[in-house]
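So that the names make sense, note that chain A is the first sequence line, chain B the second, and so on, each numbered from 1.
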2 protein chains.
Amino acid sequence: MRKGQKKLSASLEALKKAEAICESNGLKLTKLRKQVLNLIWKKPGYVKAYDLLDELKKVDPSAKPPTVYRTLDFLMENGLIHKIQSVNAFIGCPHPDEHNECYFLICDRCQKIEECCSTKINNVVSSTSKNNNFTPSKVTFEIAGTCQNCLN
Amino acid sequence: MRKGQKKLSASLEALKKAEAICESNGLKLTKLRKQVLNLIWKKPGYVKAYDLLDELKKVDPSAKPPTVYRTLDFLMENGLIHKIQSVNAFIGCPHPDEHNECYFLICDRCQKIEECCSTKINNVVSSTSKNNNFTPSKVTFEIAGTCQNCLN
DNA sequence: AACAATGATGTTATATTATAACATTTATAT
DNA sequence: ATATAAATGTTATAATATAACATCATTGTT
């Protein structure tokens with residue numbers, strides 16, 4: 001498989017899932033939202049909001065920060081993308097149809113992110129929360145470092 | 001014990017530890033750095049950089065953003081405070097003398113943060129990293145929600 | 001003491017990230 | 001067709017953070 005191919009199909013896959021999810025939830029995946037979702041998937045690594053804005057401006061010069069942030073909000077609310085807090089950036093979610101507690105391996109060098117799911121986190125979260133009488137609502141778990149590929 | 005007392009002693013405790021750490025590492029805990037560390041500990045919950053700047057300006061009107069951010073950098077580098085990525089804010093570290101992988105329970109309502117340490121996280125981080133041939137360098141684990149006190 | 005070197009702080013300017021508030025357009029349901 | 005709600009457009013500004021260079025303070029060396 002050539003470079004980029006996997007990405008391409010992942011992107012198409014993501015769009016299909018997004019359409020299915022919106023369809024079944026009565027949400028509108030508008031042209032703008034599709035464009036933004038595609039732009040996010042097109043980039044190999046994570047994407048910054050203002051880079052997205054620059055890309056968007058190429059096809060719609062009237063795009064402005066709220067255009068992007070509102071669209072990102074929609075995509076996040078519906079689980080189609082994730083915000084990575086430690087770098088203020090966004091990535092597409094490869095499995096928006098499954099709601100897992102996920103975490104992220106973020107490569108400092110190539111900006112690529114691996115999304116991982118593990119019940120272990122759920123366990124840590126729920127046991128700690130119980131111990132502290134804490135009611136959790138949002139988990140942020142991000143591991144920055146260097147990926148295999150960049151080490152070589 | 002009256003309200004505030006626990007906090008007060010925690011703050012003094014933190015300062016003592018900071019002094020000891022700097023002493024033994026040949027670092028200078030300058031007046032400015034002490035002031036900032038104290039301001040961080042004085043507040044019950046997490047502190048935003050620009051709120052800190054406002055406080056600082058009360059005693060030193062010439063304080064500016066770099067004043068604060070540089071000082072925060074110093075305190076972070078030396079493990080005396082933590083940055084909480086999901087809210088862009090800072091808290092004092094209660095055990096700067098022990099280097100544990102920690103995580104945080106962040107109350108959305110009162111802004112108080114509980115710092116927790118658990119080897120389970122280390123396990124998740126290292127096993128996942130191994131599985132993905134990933135070399136981790138920085139872990140961000142933050143759980144937002146509501147604390148016991150605010151639920152009542 | 002004079003000096004160089006380093007580290008800390010001061011200062012100006014600007015970059016980056018994000019949202020509030022209100023106007024207009026588009027889609028949907030009755 | 002028309003009222004309603006949702007989406008997008010637009011202007012302005014808030015909030016977070018850093019670059020770059022100047023000055024001052026501390027320390028160690030001659």
- Indicate, with yes or no, if the rings of His82(A) and Phe104(A) have centres closer together than 6.0 Å. yes

Between [X] ([atom1]) and [N] ([atom2]), how many Å, whole number?
X        : N       : atom1 : atom2 : value
Leu32(B) : dT11(C) : CG    : C1'   : 15 Å
Lys34(B) : dA8(C)  : NZ    : P     : 15 Å
Phe74(A) : dT8(D)  : CZ    : P     : 9 Å
Leu72(B) : dA8(C)  : CG    : C1'   : 15 Å
Ile84(A) : dT17(C) : CD1   : C1'   : 16 Å
Leu53(B) : dT9(C)  : CG    : P     : 15 Å
Asp60(A) : dT10(D) : CG    : C1'   : 12 Å
Asp51(A) : dT16(C) : CG    : C1'   : 11 Å

- Query: Taking only residues at least two apart or on different chains, which pairs with a member in residues 54-78 of chain B satisfy ring pair (Phe, Tyr, Trp, His ring centres under 6.0 Å)?
  - Reply: none

- Partner set under side chain to side chain contact (heavy atoms under 4.5 Å, CB included) for Glu77(A), not counting sequence neighbours: Asp73(A)

Sequence neighbours left out, cut at 3.5 Å: what donor-acceptor pairs do the side chains of residues 139-152 of chain B make with other protein atoms?
{"unit_1": "Glu142(B)", "atom_1": "OE1", "unit_2": "Gln85(B)", "atom_2": "N", "d": "3.4"}
{"unit_1": "Glu142(B)", "atom_1": "OE1", "unit_2": "Ser86(B)", "atom_2": "N", "d": "2.7"}
{"unit_1": "Glu142(B)", "atom_1": "OE1", "unit_2": "Ser86(B)", "atom_2": "OG", "d": "2.5"}
{"unit_1": "Glu142(B)", "atom_1": "OE2", "unit_2": "Gln85(B)", "atom_2": "N", "d": "2.7"}
{"unit_1": "Gln148(B)", "atom_1": "OE1", "unit_2": "Asn133(A)", "atom_2": "ND2", "d": "3.2"}

So, the side chain of [X] versus the backbone of [Y]: is there a donor-acceptor pair under 3.5 Å, distance only?
X        : Y        : answer
Ser24(B) : Ile21(B) : yes
Arg33(B) : Lys28(B) : yes
Lys16(B) : Ser11(B) : no

Between [X] and [N], does any side-chain N or O lie under 4.0 Å from OP1 or OP2?
X        : N       : result
Ser62(B) : dT11(C) : yes
Lys64(A) : dG9(D)  : no
Thr30(B) : dT9(C)  : yes

Sequence neighbours left out, cut at 3.5 Å: what donor-acceptor pairs do the side chains of residues 46-57 of chain B make with other protein atoms?
{"unit_1": "Lys48(B)", "atom_1": "NZ", "unit_2": "Val87(B)", "atom_2": "O", "d": "2.6"}
{"unit_1": "Lys48(B)", "atom_1": "NZ", "unit_2": "Asn88(B)", "atom_2": "O", "d": "3.3"}
{"unit_1": "Glu55(B)", "atom_1": "OE2", "unit_2": "Lys58(B)", "atom_2": "NZ", "d": "3.1"}

Nucleotides 16-23 of chain D: which of its N/O atoms have a protein N/O under 3.5 Å away?
{"unit_1": "dT16(D)", "atom_1": "OP1", "unit_2": "Lys48(B)", "atom_2": "NZ", "d": "2.7"}
{"unit_1": "dA17(D)", "atom_1": "OP1", "unit_2": "Lys83(B)", "atom_2": "NZ", "d": "2.4"}
{"unit_1": "dA17(D)", "atom_1": "OP2", "unit_2": "Tyr69(B)", "atom_2": "OH", "d": "3.0"}
{"unit_1": "dA17(D)", "atom_1": "N7", "unit_2": "Tyr50(B)", "atom_2": "OH", "d": "2.7"}
{"unit_1": "dA17(D)", "atom_1": "N6", "unit_2": "Tyr50(B)", "atom_2": "OH", "d": "3.3"}

Polar atom pairs between nucleotides 24-30 of chain C and protein, under 3.5 Å, N or O only, would you list them?
none

- Task: Please assess Ile81(B) against Ile91(B) for the test side chain to side chain contact (heavy atoms under 4.5 Å, CB included), listing each intermediate value before the final yes or no.
- Result: CA-CA 6 Å; Ile81(B) 63 171; Ile91(B) 56 161; over 6 Å; no

